[in-house]
Undergrad: 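For reference, the structure I am asking about is given below.
Throughout, a chain's letter reflects where its sequence line sits, starting with A, and its residues are numbered from 1.
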2 protein chains.
Amino acid sequence: MPNIPPSTPAGGDGAPAVYDETYRLAAEMTRPLPGSSRVYVTGSRPDLRVPMRKVEQAATAASFGAETNPPLYLYDTSGPYTDPAIEVDVREGIARIREAWIEERGDTERLSGPTSAYGQARLHDPETAHLRFRQPPPPRRAQPGRRVTQMHYARRGEITPEMEFVAIRENQRLELLRETEAGRRLLRQHPGQAFGAAIPEVITPEFVRDEVARGRAIIPCNINHPELEPMIIGRNFLVKINANMGNSAVSSSIAEEVEKLVWAIRWGADTIMDLSTGKHIHETREWILRNSPVPVGTVPIYQALEKVGGKPEELTWELFRDTLIEQAEQGVDYVTIHAGVLLRYIPLTANRVTGIVSRGGSIMAKWCLAHHQENFLYTHWDELCEICAAYDVAFSIGDGLRPGSLADANDEAQFAELKTQGELTRRAWAFDVQVMNEGPGHVPMHLIKENMDKQLAWCDEAPFYTLGPLTTDIAPGYDHITSAIGAAMIGWFGTAMLCYVTPKEHLGLPNKHDVREGVIAYKIAAHAADLAKGHPGAQVRDNALSKARFEFRWRDQFTLGLDPERAEAYHDETLPAEGAKVAHFCSMCGPKFCSMKITQDVREYAREHGLDTTEALSTGLQEKAEEFRAGGGELYRKA
Amino acid sequence: MPNIPPSTPAGGDGAPAVYDETYRLAAEMTRPLPGSSRVYVTGSRPDLRVPMRKVEQAATAASFGAETNPPLYLYDTSGPYTDPAIEVDVREGIARIREAWIEERGDTERLSGPTSAYGQARLHDPETAHLRFRQPPPPRRAQPGRRVTQMHYARRGEITPEMEFVAIRENQRLELLRETEAGRRLLRQHPGQAFGAAIPEVITPEFVRDEVARGRAIIPCNINHPELEPMIIGRNFLVKINANMGNSAVSSSIAEEVEKLVWAIRWGADTIMDLSTGKHIHETREWILRNSPVPVGTVPIYQALEKVGGKPEELTWELFRDTLIEQAEQGVDYVTIHAGVLLRYIPLTANRVTGIVSRGGSIMAKWCLAHHQENFLYTHWDELCEICAAYDVAFSIGDGLRPGSLADANDEAQFAELKTQGELTRRAWAFDVQVMNEGPGHVPMHLIKENMDKQLAWCDEAPFYTLGPLTTDIAPGYDHITSAIGAAMIGWFGTAMLCYVTPKEHLGLPNKHDVREGVIAYKIAAHAADLAKGHPGAQVRDNALSKARFEFRWRDQFTLGLDPERAEAYHDETLPAEGAKVAHFCSMCGPKFCSMKITQDVREYAREHGLDTTEALSTGLQEKAEEFRAGGGELYRKA
């Protein structure tokens, strides 16, 4: 595929189309990861095809026991982009795989066009014509009086194709490993410490349905986002991660944002949030949604604020309502709503070191003070629920008063809002609307668990979705690390989704490099959490990679890693020769001096001499030791 | 300073001198960090000058309350290199600041030259003349029958200059902050959860002495390393980090290693370990020691193995003994000794996924099996203690059977060795030798605490020194992050020093970039641990940085961070103009849309209207809200 950059960034007056006719996504964003191929696992109907990344492993060399190593099927968030059989044209958008499922339910209607005033105006605005996605599909909405949320179906006892899809996806074909001795060895793992999470050995569609009905998990999937490959967020499933993107008044273009999406899901982002605050929010979002196989979240108040020239006090309920409908009809899967920032909580932040750091929280705080009225998002909550129930938009109830520094962690303001998040959660559930709760922020390690415990208790086990938390404030430029520490811990304690932080946090907007760093740091945190919880099969990939490492299967070590390309590049810096990738040593110690190699000798020796118990060793060994030395003391057999 | 690269890497036949006459360290390694100046705090004698990095802060702008912000005095590991008043010539080595202290104690004797056979041979070897440090000082040794360890002095009740030095150093001049209101605000922090650590508000020399006497802390400071700026390792002190370096048969030169040292301590490494396994180990170490203001650790078995051509079975006690003396007389401050790898534990590793991954552990295992004899390091432990007591070399008792994969974590082999580490600790203490214990490795989060708990119990609270642990195996290329998570947690639980892991772990030898990444990741982990333990004053820097962030003091936000240069560079990527560094907004949201700015409005508003309680807000506010809107709704005053 030719590597042609996007024509011209959008945003300037008279800018050309976002993508011109010659545009192709760069090969680095679409080529399959090394050693990997795309496979699909078909469910109960032929159009239910769950994508996975199959990683083949080389056989173990004779010197290490000569055995076949089974392929792994890894959870794959990258959508059609890494499937060589599919050539994505971002101007057309990706395949609408859920279209038939939604249609078949017969509970929605096709609208002739957007029903939001803004959506209508924007559709016909000649000024933005050059930026518009070519064929925005007419939106769909619940028929009057119907609710079309996954929670609604789940509570009625229906297993939707979406539920079956996520069940297959979560299992990662572990059943194949159970069939062979080599596979069963890979499945061995430490019992976890799950803090009340209860993850079954096999995730069934019925279990998914049950968790969604209970509100303990959500499947964010707007009926207007049929391109979506369903995924689930809940503490009895794999921990997920979100990658934020979005332009601002200062920087970034539409084409860049679409490419950040493709890039983020390549490395493993389970959802993305479009946090654009600059120009052309509406158009940017359309491009992202039509090309996104993962759920897209937004913070609608950002766009609402743009519409009133950046003056929070001029926001109105009517404007916000129109904005939410606009976004729901484009296909946004979940929305952050800062409805828990109540008027009476605002003064609780006055003595903080860093006050209110959530943008949404500070906007609503300013509105509340300016009007001396209760937060309109809170007072209109039931209407918000009705809108979301008509499109299956999930709530991500914002934490507008989250701490922006360690000093402010776990304070009265933060926990007051969390209690209100719980109230809002229950009210949304009454409308069958799916809900998760957002959490902090900046929290020292020893105060992290309190956040999780209170959220579980006060919000009735709705999924928790946290930003980090950052465990120290002193490392600008490295906050993907300060926060991966907190994220891993809170994920272990029960957080269902972790919002990534990039190295640019507090300093600037992330570029592609930063997105990759942030996503990988958070894949690490999420996986470390799955391991500590004892998620069934969590350790398979660790076991396979460690076995490959021990057996000097270098290529398998790369391909089983979270970032095969970087692992190989780092290896090649020291030992670039192709031969070194099959070498039975590595660059750290050189050929003569290798602990793995020496251990193999020990193992061989122990095996040959039946030395697997302390007793065996303590008798008659002097003689055998002498044989060993006489034989050259070198039992390691060349492959 | 001119930025001239080192002349030619050493190691080849006929290579020129390591550093030629025109050599200067590159400016990027020696220029003071932005906004920082070097200061010295003088103790009870004029030659006891404790270096610190003073960071001045700008005053708070009028719009944020117009106040002076006190300077912070940060712990500084960078030695003379960042002092503009000192021009270091690496060919001469750095100042020998402890020389007089050691001399005055009158318990040592100057030798005419090395007493080790190898040290003598190497001193006169014409083949390596071009690689030799110009003036290797004649070594010093305890007078016959004397012990010259800090533990010995501490147990006798003596407070040495070294103890006073570390007491001043640990306090970071917090007493100055206690004098002012602004300073006291910075000192506010969350009570920690210390798991039995007991850190006093003020570290006194007497407290240091007591901890060293008790074996709960060590001050690694060989009498032959007078260049050292003393530091302490113990769980009632700041958590420390170590950076590994060293060449191998495959890569790296002497000059590179010295530069990695200077680079590592610039970013905050508290000790370094020279793990060279290639050519010229002896010469490399001499250069490092003569230029190192931080303790230098080694693993003597690596060099011993080189001396027998890489064949473990040819190792002998006599050879090892000579190697230890060689290194002790050069000035090595602590040595890793794998004396806990007992013959009967070796078969316990046979069924592991990754066997024995410690190089030292595998060497000794192979020796034990080849000879069917008990580990000679174990059987000669008392003699090792006698040698170390004569130079004040501290033991870092190795964990040769540490797990190399999650699968092998916390297994029988690992814990069997840990118990033996405890036995060896007590035996070393009988000789007044300072001891720490090395720990794992690869451990999932929920099994980390067990490692710490057992170490404290079985090793009588000797300082624990762990590598990571890595909390997952699946991220080659990012193991500084997988391990920073585990390091932060185990540091919180009580580990005294964290051995860094770089992004190259498992893949290759770290270059300068990797060293910086590894050191900063570990400074984060160590500091996160100090915060969670509630180390007095730990939160000062976080509070100061967060306050600066909130008040848009961009430069202070950079300079208070762990890597001011990167923070500024990242900021400049989005907003390069100099004016943006005094802007009251940032690049993420742009000028109009800033949560910090809006929060300031809220705070101003609350303050002006006396709204610091919920009660105040709930009465008579409608009127005030109207005033606010009438007044333009914009209370934020331009600076």
Side-chain angles (χ1 to χ4, degrees), chain A residues 193 248-250 310 313 344 347 350 353-356 359 362 365-366 370 372 405-406 444-446 471-477 482 485 488 507-508 524 527-528 531-532 541-542 545-546 550 561-563 566-567 570-571 574 587 590 592 595 598-599 602-603 606 611-612 614 621-622 625 633, chain B residues 193 248-250 310 313 344 347 350 353-356 359 362 365-366 370 372 405-406 444-446 471-477 482 485 488 507-508 524 527-528 531-532 541-542 545-546 550 561-563 566-567 570-571 574 587 590 592 595 598-599 602-603 606 611 614 617 621-622 625 633:
Chain A
Q193 182 177 3
S248 80
V250 177
E313 56 276 22
R344 65 180 181 274
V353 169
T354 46
I356 302 176
R359 286 187 245 166
S362 56
K366 190 156 181 182
H372 189 57
S405 56
L406 296 193
M445 283 191 287
H446 66 301
T471 54
T472 165
D473 304 340
I474 68 167
T482 64
I485 295 167
L507 297 170
I524 289 168
H527 185 66
L531 288 162
R541 193 168 171 183
D542 298 80
L545 193 147
S546 292
F550 189 71
L562 288 176
D563 187 343
R566 181 165 301 173
Y570 279 1
H571 175 267
T574 315
S587 53
K592 258 194 330 197
S595 64
I598 292 173
T599 302
V602 169
R603 185 185 285 190
L611 300 184
D612 39 29
T614 306
L621 253 174
Q622 184 62 38
Chain B
Q193 182 177 3
S248 81
V250 177
E313 57 274 23
R344 66 181 179 274
V353 169
T354 47
I356 303 177
R359 285 188 245 168
S362 56
K366 189 156 182 182
H372 189 58
S405 56
L406 296 194
M445 283 192 286
H446 66 302
T471 53
T472 165
D473 304 340
I474 67 167
T482 64
I485 294 167
L507 297 170
I524 289 169
H527 185 66
L531 288 162
R541 193 168 170 185
D542 298 80
L545 193 147
S546 291
F550 190 71
L562 288 176
D563 188 342
R566 181 165 300 175
Y570 278 1
H571 175 268
T574 316
S587 54
K592 259 194 329 197
S595 65
I598 293 174
T599 301
V602 170
R603 184 185 285 190
L611 301 183
T614 305
L617 191 68
L621 253 175
Q622 184 61 39

Undergrad: How long is the straight-line distance from OG1 of A:Thr471 back to NE2 of B:His527, given to the nearest 0.5 Å?
TA: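 Separation between the atoms: 9.0 Å.
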Undergrad: Could you have a look at A:Pro444, A:Ala567, A:Ser405 and say which one has the most heavy-atom pairs with chain B under 4.5 angstrom?
TA: A:Ala567
Undergrad: Can you give me the closest heavy-atom contact between B:Leu507 and A:Tyr570, atom names plus distance?
TA: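 So the two residues come closest at CD1-CB, 3.8 Å.
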Undergrad: Apply the side-chain contact (heavy atoms from CB on, under 4.5 Å) test between A:Thr472 and each candidate in B:Leu545, B:Asp542, B:Leu562; give the one that qualifies.
TA: B:Asp542
Undergrad: Of all heavy-atom pairs between A:Leu531 and B:His446, which one has the smallest distance, and what is that distance?
TA: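 Minimum heavy-atom separation between A:Leu531 and B:His446: O-CE1, 3.7 Å.
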Undergrad: Quick check: closest heavy atoms across A:Ser546 and B:Thr354, and the distance to 0.1 Å?
TA: O-CG2, 3.5 Å
Undergrad: Any idea which of A:Gly561, A:Gly477, A:Ala532 has the most non-hydrogen atom pairs under 4.5 angstrom with chain B?
TA: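 Max contact count across the listed options: A:Ala532.
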